[in-house]
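Read the structure below first, then the notes.
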There are 2 protein chains.
Amino acid sequence: MKQYAIPHYLVKLLELGAYNKFIKISTSFLKDHFEMSQQSCSRIINELYSKEYIKKEIIHGGLNVMVTSKGIDYIIETKEYFNLALTKPGYFEMEGRLFTGLGEGSYYMSKRPYKKAFYRKLKIDPFPGTLNLRLEDEKYEKINFRLSKLKGTYIPGFQDQSRTYGPVKCFKAIIEDEYEGAQMFAIRSHYEKNVIEIISSFHLRKELNINDGDLVKVKVYLNNAFID
Amino acid sequence: MKQYAIPHYLVKLLELGAYNKFIKISTSFLKDHFEMSQQSCSRIINELYSKEYIKKEIIHGGLNVMVTSKGIDYIIETKEYFNLALTKPGYFEMEGRLFTGLGEGSYYMSKRPYKKAFYRKLKIDPFPGTLNLRLEDEKYEKINFRLSKLKGTYIPGFQDQSRTYGPVKCFKAIIEDEYEGAQMFAIRSHYEKNVIEIISSFHLRKELNINDGDLVKVKVYLNNAFID
DNA sequence: ATTACTAGGGAGCGAGTAT
DNA sequence: TATACTCGCTCCCTAGTAA
């Protein structure tokens, strides 16, 4: 069954009362509720079961089913995903765990051409150091992937005596609902799909009193230009 | 595209900012966001457009799209459908417009065997007259259809000198969040899929001060037995 | 560079049926 | 009665490509 259909079937089971308790059903009974054949209802129930969205007991003349808390969470997540887009369009939210990177970020951010461009285009006077967050939820990795495909604010690269510094692109962001900053992507360079890099005018580790391993919430705002 | 997928695609467009304003996109740009091929994105955009969930303008080198208020409503409806099942499992909600039936309801309700059975099984001393509601939304017709397939509380039929009265089944209901009653289905008899019939101990037209043409909200509660 | 048509392949659906 | 398997058939998805 299609991913998008899962919460709908779970909701129909909830409507029938399968919330925190088993209900007695049969797959042919379900066909009017799922608007599917008995065979497909059987398949759907087994898929929901194998994905652990429902508990199932085969009894004489039917089954007992109950939506699991994983199933409930999945409905809630879907609902909140809709809600977020309705209340904050043009905006993505991610959460990741703080970790210490290679220190490259602070090296880059101390370079004058970057500093000047960040200030001019984003009004950010970058603190010498970036916040590295590791995304632990697949849904945030997907968001990060989608962001990587958007245009963002372009910060050009440059050279000094010793080496070349590549261009980056940024999206304005709010960290922990409080501090302004930006998510930064290196363009034409390795990008780890489960890592995001945040810059800010502030020393966020100090200001937010956060340490490696802490979960940090980031809201990323889009510009209005999508096609590169 | 599958019905269940529609709100997901609309939400992705909202995330990109297509809320109350046009965004410039291309179908190949969308493929990372929809997780579909360019060709399917094209098809999806056109399906959303033909169903009036989005507005579309073809421009040089792409399209401008914007989610319509019908699209927004559809997302909200889906979200609230999930929410209702989460907060009130084992419960359906419908809304219909009051109309005057053939008066059969009041005739039936005045029959002693029915009155006694309603009181014994549902603690309802039926007011001689039923509330007929015409469902105007397809989603409520679907709910009514699904209810018609559930077991409900059985009220047996009977005979008097002149004729036979068929059995009915009932589901406890709350009318306008205030008055208790029940939705009644005739068993083995014609059933209009867009009409529901409500009984109550109260004269609801008077108590609620409602007249033909008024919208009336009904919450129907399920018993715990599903298979007939 | 676009959109979107056509054609082929694959996934999903339901009828029939074994258990 | 059930569940759930196999097997066609259909529909949907994508690759190729026209416009």
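Below, read A as the first sequence line, B as the second, and so on, with proteins coming before strands; counting in each chain starts at 1. Everything numeric in this text was worked out from a predicted model, so none of it was measured.
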Q. Across the strands shown, which category fits B/Ser40 at heavy-atom distances under 4.0 angstrom: base, sugar-phosphate, nothing?
A. base
Q | Euclidean distance, atom CD of residue B/Glu35 to atom P of D/dC13 [Å, nearest integer] | A | 13 Å
Q | Partner set under side chain to side chain contact (heavy atoms under 4.5 Å, CB included) for A/Glu35, not counting sequence neighbours | A | B/Lys142
Q: Measure from NZ on A/Lys31 to C1' on C/dA15 and round the result to the nearest Å.
A: 13 Å
**Q.** Nearest heavy-atom neighbours spanning B/Lys21 and B/Gly17
**A.** NZ-O, 3.1 Å
Q: Could you tell me which residues satisfy side chain to side chain contact (heavy atoms under 4.5 Å, CB included) with B/Gln38, sequence neighbours excluded, listed by chain and number?
A: B/Thr27, B/Ser28, B/Ser42
Q: Classify the nucleic acid contact of A/Met36 as base, sugar-phosphate or nothing, counting any heavy atom under 4.0 Å across all strands shown.
A: sugar-phosphate
Q) A/Ile59 has an atom CD1; how far is it from atom P of D/dT3, in whole Å? A) 9 Å
Q: Keeping to residues at least two apart or across chains, list the ring-ring contact (aromatic ring centres under 6.0 Å, His included) pairs with something in residues 132-152 of chain A.
A: none
Q.
Nearest whole Å is fine: how far is D/dT14 P from B/Asp32 CG?
A. 12 Å
Q) Does A/Lys12 have any side chain to side chain contact (heavy atoms under 4.5 Å, CB included) partners at least two apart in sequence or in another chain, and if so, which? A) A/Glu15, A/Phe34, B/Tyr4, B/Tyr81, B/Arg146
Q: State which of C/dA4, C/dG14, C/dT2 makes the closest approach to the side chain of B/Ser26.
A: C/dT2
Q.
Distance check needed: C/dT2 C1' versus B/Leu30 CG, whole Å only.
A. 13 Å
Q: Have a look at the helix from C/dT2-D/dA19 to C/dT19-D/dA2 and give the angle its two end axes make, five pairs each, rounded to 10 degrees.
A: 30°
Q.
Can you confirm whether the side chains of A/Lys193 and A/Asn144 place a donor and an acceptor under 3.5 Å from each other?
A. no
Q) Which whole-number value in Å describes the distance from A/Asn64 CG to D/dT3 C1'? A) 14 Å
(Q) Once you apply a heavy-atom cut-off of 4.0 Å, does A/Lys56 come out as touching a base, just sugar-phosphate, or nothing? (A) sugar-phosphate
(Q) Among residues 41-55 of chain A, which ones have heavy-atom contacts with DNA chain C below 4.0 Å? (A) A/Arg43
Quick one: which protein N/O atoms are closer than 3.5 Å to N/O atoms of nucleotides 6-11 of chain C? Pair and distance per line, please.
none

Q: Please list, chain by chain and in numerical order, all residues satisfying side-chain hydrogen bond (donor to acceptor under 3.5 Å, both in side chains) with A/Ser50, sequence neighbours excluded.
A: none
Q) For A/Lys115, which residues count as a side chain to side chain contact (heavy atoms under 4.5 Å, CB included) partner, sequence neighbours excluded? A) A/Asp125, A/Pro126
(Q) Determine whether a donor-acceptor pair (N or O, by modelled atom type, separation under 3.5 Å) exists between the side chain of A/Lys172 and the backbone of A/Leu122. (A) yes
**Q.** Pairing residues for A/Tyr19 by the ring-ring contact (aromatic ring centres under 6.0 Å, His included) criterion, not counting sequence neighbours
**A.** none
Q) Do any side-chain nitrogens or oxygens of B/Ser37 fall under 4.0 Å of OP1 or OP2 in D/dC13? A) no
Q. Between C/dA4 atom P and B/Met1 atom CE, what is the distance in whole Å?
A. 14 Å
Q | Sequence neighbours excluded - side chain to side chain donor-acceptor pair (under 3.5 Å) pairs with any residue from residues 58-75 of chain A | A | A/Gln3-A/Tyr74, A/Glu57-A/Asn64
Q. With sequence neighbours excluded, what pairs up with B/Phe158 under the ring-ring contact (aromatic ring centres under 6.0 Å, His included) test?
A. B/Tyr114, B/Tyr165
Q) Can you check the B/Gln38 CD to D/dC13 P distance for me, whole Å? A) 14 Å
